[in-house]
Amino acid sequence: MKITAEQVAYVARLAKLTVSEEEKVKLTLQLEQILNYVEQLNELDTSKVEPTSHAILLENVFREDQETPSLPPELALKNAPERENGFFKVPKVIE
C-alpha cells in the first residue's frame with residue numbers, strides 16, 4: 001500500500017506531533033513497510049483456523065471469596081487526616 005508524506009503529516013497533526021521533513025520521509029517508508037507486511041499476512045489461508053480472542057487459553061486465577069471480619073472503625077480511621085462522626089472527612093466535590 002502506498003503511503004504519502006501528506007498522509008503522514010495529517011496523522012501527525014491529528015496526534016499533535018511535530019515532525020520534520022526528514023522524519024516524514026522516514027515515517028512514510030516505515031509505515032509503507034508495515035502495511036506491506038500486513039498485506040502479506042492477509043494472503044495467508046486462515047479458513048481452517050478457529051477464531052480466538054486470545055492467543056493462549058486463559059483461566060480465572062482469582063481465589064475464592066472468603067468472608068472475614070471487617071476492620072473496627074477506630075482502626076480504619078486511625079491514620080485518617082480528618083474524621084467526623086466515625087467517618088472519613090473529605091472535601092466536597094459535588095455542589
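Only this structure's heavy atoms are used, side chains among them; waters, hydrogens and symmetry mates stay out.
- Side-chain heavy atoms closer than 4.5 Å link hydrophobic residues (I, L, V, M, F, W, Y) into clusters, and following such links, even through other members, never connects V11 to L35.
- Looking at R83, its side chain does come within 3.5 Å of a backbone N or O of L77 through a donor-acceptor pair.
- In this structure the side chain of T28 never reaches within 4.5 angstrom of the side chain of T4, judged on heavy atoms.
- Side chains of Q40 and N36 form no contact here, defined as non-hydrogen atoms less than 4.5 Å apart.
- Counting heavy atoms of neighbouring residues, nucleotides and ligands inside a 6.0 Å radius, atom CG of N60 exceeds 12 of them.
- When side chains are defined from C-beta on, L27 does not count as touching K24, because their heavy atoms never get closer than 4.5 Å.
- Shown here for F88 and A76, the closest heavy-atom pair between the two residues is CZ-O, 3.5 Å.
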Chi angles and distances behind the salt bridge (Lys or Arg N to Asp or Glu O under 4.0 Å) call for K26, E23: CA-CA 5 Å; K26 184 178 178 182; E23 290 172 317; over 6 Å; no
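- With N42 as the fixed residue, the side-chain contact (heavy atoms from CB on, under 4.5 Å) test singles out one of T46, L44, V38: V38.
- Note that CD of E6 and CD1 of I3 are 11.5 Å apart. Values are rounded to the nearest 0.5 Å.
- Interatomic distance, CD of E84 versus NZ of K89, reported as 4.5 Å (0.5 Å rounding).
- Shown here is E39, whose CD atom has more than 12 heavy atoms of other residues, nucleotides or ligands within 6.0 Å.
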